[in-house]
Amino acid sequence: MSIPVQDSDRRATRPEQSRKALLAGSVGNLIEWYEFGVYGYFATIVAARFFTPEGGGEVEGLVKAYASFALAFFFRPVGAALFGRLGDRIGRRPVLILVISLMTAATTLIGALPTYATAGTLAPWLLTFLRVVQGLSAGGEFGGAVSMMTEFAPPGRRGLYGSWQSFTVALGLLCGAGVAALLAVFLSEPQLSSWGWRLPFLLTLPLGLGALWLRLRLEETPAFASGRAHPDAYDRPSARRLAGAIILGASRVMGWAAAGYTFLVVLPSYLQSTLHATFQQALVATVLANLGFAATIVPAGLLSDRIGRHPVMLTGAVLVTVLAVPLLNLLQDSGTSNAAKGVAVCAAGAVVGLMAGPGPAMLSEMFPTRVRYTGLGLAYALSNAVFSGCAGLIITKTIERTGNVDIPAYYAAATCAVSALALATVRTNQKSQGS
């Protein structure tokens with residue numbers, strides 16, 4: 001139920017414009033996922049600092065921390081609708097400037113918040129409010145950045161350019177894991193728990209100011225400028241058709257959302273709370289998973305420009321469905337060597353990258369210029385709200401109730417199976433759409 005992309009969406013741009021758009025679009029996404037990764041990596045500490053009063057249970061605090069995590073994701077669709085509407089009316093550039101400012105401010109303030117020991121019950125409410133602001137701004141980030149990058153992309157390179165949006169997800173998560181690992185090495189556990197956890201959040205301020213500077217220097221996209229100059233040349237799809245495309249798009253990327261967060265973000269807390277790994281061991285596993293993820297994203301996007309989005313993404317979804325349980329069983333087996341476990345988590349990240357590389361271009365090509373920011377942003381935000389934001393909460397709570405340590409694998413496999421079915425509905429060659 002994709003809505004055909006108009007020919008005028010494919011107008012050529014100057015190479016320097018394309019490069020600027022690629023950098024300015026990517027850097028905001030890097031900051032967003034750096035912060036969300038940091039929150040996931042420090043979930044156990046955040047739970048203790050904000051959600052576990054004296055005498056409270058550790059699992060109870062972790063569940064509350066993940067509930068706050070999920071709440072931020074549920075505000076993503078609201079942000080996607082709000083900022084998407086603005087972006088389709090007034091332009092990609094001004095809205096992207098606004099959302100990066102909000103994201104930077106909210107993330108920096110988390111690093112300065114008083115904890116439960118200082119502010120009592122006000123502390124978790126303040127943290128939750130800032131998570132909501134992050135959710136709103138993150139919801140507006142993806143649709144605008146992908147619209148900008150693919151609308152500035154040279155002919156036949158939408159898959160490659162869109163893949164950089166996913167690649168910066170890996171970079172952001174790796175940066176978050178790297179900062180967390182450095183802090184774990186150079187600070188004692190009491191120091192890390194007391195004040196060290198604040199440093200990664202405060203680091204967002206200089207990163208955000210750099211991203212803001214890049215976006216202030218960017219021009220509006222040619223496709224949007226042309227549409228504003230000649231509004232009668234662009235047909236607006238019906239609300240029913242737009243809603244159908246959004247639901248289909250969300251279904252196609254739900255496996256990417258669920259498996260990505262399961263393997264790349266939830267994994268550290270799972271390894272610590274369920275398999276009793278140390279904080280350092282969990283971070284090493286996360287870094288390896290993200291390295292595998294990063295290694296396949298851009299090649300997958302480039303390949304999708306040649307053979308189409310559908311076969312590349314479908315391969316990734318099927319591989320996760322088939323391999324999720326065996327890969328997790330390798331991690332659970334105490335007799336498995338560390339090298340084999342490293343290969344397993346790296347492979348888990350790599351197959352998710354096959355979906356993440358072509359995903360942004362695939363979503364962009366489902367919507368015309370007049371509704372692209374809103375449409376692709378909502379499709380992505382809805383899938384992430386339900387299947388990423390709830391991943392930690394669902395997995396942790398289900399393991400607690402059932403005692404089944406295979407739950408993360410079942411969750412990733414089931415969602416990827418649904419995505420594979422949704423991707424199988426593609427009947428057109430999206431290689432030509434991306435040209």
Side-chain angles (χ1 to χ4, degrees), residues 33 36-37 40 66 69-70 73 142 163 165-167 169-170 172-174 177 249-271 285-297 300-301 309-310 312-332 343-360 362-363 379-396 398-399 405-424:
W33 288 90
F36 275 97
Y66 276 133
F69 199 64
F73 271 91
F142 182 85
S163 70
Q165 182 73 354
S166 298
F167 184 64
V169 172
L173 293 173
L174 281 170
S251 299
R252 289 175 178 171
V253 299
M254 65 181 283
W256 163 23
Y261 245 85
T262 300
F263 295 146
L264 307 177
V265 177
V266 175
L267 185 64
S269 295
Y270 169 80
L271 291 176
T286 306
V287 169
L288 289 173
N290 277 280
L291 285 174
F293 180 54
T296 57
I297 291 172
R309 322 294 178 218
H310 163 248
V312 181
M313 295 186 70
L314 185 59
T315 299
V318 170
L319 284 175
V320 173
T321 303
V322 173
L323 297 177
V325 173
L327 287 174
L328 190 63
N329 288 341
L330 278 177
L331 297 180
Q332 296 164 350
V343 171
V345 295
C346 190
V351 292
V352 176
L354 294 179
M355 294 181 283
M362 183 274 296
L363 288 175
Y380 181 79
L382 285 169
S383 65
N384 275 270
V386 178
F387 301 105
S388 288
C390 292
L393 185 61
I394 291 172
I395 290 169
T396 304
T398 306
I399 291 175
V405 294
D406 290 335
I407 293 299
Y410 294 147
Y411 181 71
T415 52
C416 282
V418 175
S419 275
L421 291 175
L423 286 163

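Position 1 is the first residue of the sequence, and the numbers go up from there.
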How would you list, by chain and number, every residue that makes a side-chain contact (heavy atoms from CB on, under 4.5 Å) with [X], sequence neighbours excluded?
X: A350; value: T296
X: S163; value: L160, I297, V298
X: I394; value: C390, T398, Y411
X: V287; value: L174, A177, L291

Taken in chain and number order and not counting sequence neighbours, the residues that satisfy side-chain hydrogen bond (donor to acceptor under 3.5 Å, both in side chains) with N290 are none

Out of curiosity, [X] [atom1] to [Y] [atom2], how far, rounded to the nearest 0.5 Å?
X: L363; Y: F142; atom1: CG; atom2: CZ; result: 5.5 Å
X: T315; Y: L423; atom1: OG1; atom2: CG; result: 10.0 Å
X: M362; Y: M313; atom1: CE; atom2: CE; result: 4.0 Å
X: W256; Y: L354; atom1: CH2; atom2: CG; result: 12.5 Å

Using every non-hydrogen atom in the two residues, find where [X] and [Y] come nearest and quote the distance to one decimal.
X: S383; Y: A250; result: CB-O, 3.6 Å
X: A379; Y: G249; result: CB-C, 4.1 Å
X: P408; Y: I399; result: CD-CD1, 4.1 Å
X: T321; Y: A413; result: OG1-O, 3.5 Å
X: L264; Y: G349; result: CD2-CA, 4.3 Å
X: G353; Y: A300; result: O-CB, 3.9 Å

Taking [X] for the side chain and [Y] for the main chain, is one N or O donor matched with an acceptor at less than 3.5 Å?
X: S388; Y: A385; result: no
X: Q165; Y: P360; result: no
X: S251; Y: S419; result: no

Would you say the side chain of V320 lies within less than 4.5 Å of the side chain of M355, judging by non-hydrogen atoms? yes

Atom pairs and distances, side-chain donor-acceptor, residues 322-330, under 3.5 Å, sequence neighbours left out:
unit_1	atom_1	unit_2	atom_2	d
N329	ND2	V325	O	3.4

| Would you call the rings of W33 and Y380 parallel, tilted or perpendicular if under 30° counts as parallel and over 60° as perpendicular? | perpendicular

Hits for ring-ring contact (aromatic ring centres under 6.0 Å, His included) against F387, two or more places apart or cross-chain, chain-then-number order -> none

